[in-house]
Visitor: 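Take a look at this one; I'll ask things after.
Whatever order the structure lists them in is the order used to number ligands and atoms, beginning at 1. Below, each value reflects all heavy atoms present in this structure, side chains not excepted, and no hydrogens, waters or symmetry copies.
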Amino acid sequence: MSENLSRRAFGRTVGAAALSSSSFTAATASATPQAAANPPNPRENFYRFPDGFLWGCATASYQIEGGAKEGGRGPSIWDTFSHTPGKVHNNETGDVADDDYHRYKEDIQLLKSLGAKIYRFSVSWPRIFPQGTGWPNPQGIDFYSRVVDELLANGIEPFCTLFHWDLPQALQDRFGGWQSRETSQAFGEYAGYVASQLSDRVHHFFTMNEFSSFIDLGYRDGKFAPGLRLAPAELNQARHNAVLAHGLAVQAIRAKGKPGTKVGLAENLNIPIPVIEAEPHIKASAQATRVLNAQYLTVIMEGKYVDEYLRQEGANAPKYTAEDLKIISSPLDFVGMNVYTPTYVRADESPKGFAVVPPPSSYPHMASPWLDIGPEALYWAPRHVGEIWGVKEMYITENGCSSADVLTPDGHVYDTDRVMFLRNYLMSLHRAVAENFPVRGYFLWSLMDNFEWADGYGLRFGLYYVDYATQKRTPKLSAHYYRSVIEKNAVL
Ligand code: PNW
């Protein structure tokens, strides 16, 4: 009965056409009386998560908001990059994206329909400081303040990311972006300001999203904004400036936020998986975790660049002071991990003690060519981070996949591959939690299809299908699946 009611409520929010009079709905509905009569699905017991486990979704400002020239927003490096012909698939831009800037209330209802308890969104720095520094733009913080209020009014806890790649263009022009410590300093000031304005209602802040994506893809490979290809010494310095910025932001949030405000980061660490789950490969994978994440997570957790990295880079190693390392390793309240792909590692006789095993050409991946399928990554990320660095609070800040979604004429998206992906990754997460690695919550990437960076609108990661011509959102099969997972607090 209550299930019927909630399904009807779900249908109402997402548009009646999406859920009515379909074989999918009928099949689900007819299963209900049977489920009540028979013992529950054993999976619901075996793969159940602890009470209070937090389920939610993640998005990012440039990928969903649009409203690029509204509310006093200044340009970001992604506006410049996407408007440069040849940089993004079909020369698509985030000018409109999901139009969430105008539709955030509707989008928060989508979250509510799923039963989400938490939502990870990002603040667009150039909405707050259109020139990167200086006087804040009141319309900018007002927008996020309204988003936060709307989330809280719907019983959803906001988790705020401060940097998800949309650097103010002014900082790129004036200082060369992350090539300069001026940008690190400016980030600290921006982070402190946002915390001072939102921490009465937002209790969790992430400084940065994915160092390697915005630095390595943006400053080494030229595939992301600002589209540079730096030499190794300059690249390592940009990496250093980015982790320094993170540390300055941690300190600024502690100084300017309400007491009790929690700070962490959302990092797509390299996740070594032992080729065989037995010694000595397990030990090799732990050693690999420290070395392969040397420039980012390891220096943040340890306050020191590991010798292997410094030796390997030689004269190209970054220049820094002891004070820098103290700032970079400012203590965190939690670690967020974006988990997508595995890195297979085996034990090796070399001084490093491990070797990375490159995937064979037959290795399966999702619609994004880089998205190799490795469900065990969602077990090994919390295990390595918990065992190596003793982290006491963790979140999975992103996990999900692209799929070649097709909207059927009667308005469905049967993304069985995404459901397969989620089921298998979540079973690995369940194992980590069952073994007491302290993962408190999971954010699925993403709530809805959105601007997938250099892939434009060509690759879809959402639980909701977005028709970009009409901005209509349609729940995919995976949205129904995730809603059931949240409802049962178990992997189905
Ligand atoms: C993450 N790679 O990006 C980002 O945090 C999201 O903004 C993005 O939409 C999502 O994952 C899906 O791509 C990544 O090439 C981009 O390995 C590229 C890679 C990994 C993550």
Visitor: Do Phe159 and Tyr395 have ring centroids that are under 6.0 Å from one another?
Guide: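 Yes, close enough.
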
Visitor: Asp449 and salt bridge (charged side-chain N to carboxylate O under 4.0 Å, His left out): which partner among Arg418, Lys476, Lys472?
Guide: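 With Asp449 as partner, salt bridge (charged side-chain N to carboxylate O under 4.0 Å, His left out) holds for just one option, Lys476.
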
Visitor: Here's a test for you: under side-chain hydrogen bond (donor to acceptor under 3.5 Å, both in side chains), which of Ser402, Ser478, Ser403 qualifies with Asp415?
Guide: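 So, applying the side-chain hydrogen bond (donor to acceptor under 3.5 Å, both in side chains) to Asp415 and each of Ser402, Ser478, Ser403, only Ser478 qualifies.
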
Visitor: When you check ligand 1 against the protein, what N or O pairs turn up below 3.5 Å? List the atom names and distances, or just say none.
Guide:
unit_1, atom_1, unit_2, atom_2, d
ligand 1, 3 (O), Glu210, OE1, 3.2
ligand 1, 5 (O), His164, NE2, 3.3
ligand 1, 5 (O), Asn209, ND2, 2.9
ligand 1, 5 (O), Glu210, OE2, 3.4
ligand 1, 5 (O), Glu398, OE1, 3.0
ligand 1, 5 (O), Glu398, OE2, 2.7
ligand 1, 7 (O), Gln63, OE1, 2.7
ligand 1, 7 (O), His164, NE2, 2.8
ligand 1, 7 (O), Trp453, NE1, 2.8
ligand 1, 9 (O), Gln63, NE2, 2.9
ligand 1, 9 (O), Trp445, NE1, 3.2
ligand 1, 9 (O), Glu452, OE1, 2.6
ligand 1, 11 (O), Tyr340, OH, 3.2
ligand 1, 11 (O), Glu398, OE1, 3.2
ligand 1, 13 (O), Glu452, OE2, 2.6

Visitor: Under 4.0 Å between a Lys/Arg side-chain N and an Asp/Glu carboxylate O for Arg146 and Asp142?
Guide: yes

Visitor: Determine, for Lys392 against Asp333, whether the closest basic-nitrogen to carboxylate-oxygen distance falls under 4.0 angstrom.
Guide: no

Visitor: Does the pair Arg229/Asp221 count as a salt bridge with the N-to-O cut at 4.0 Å?
Guide: no

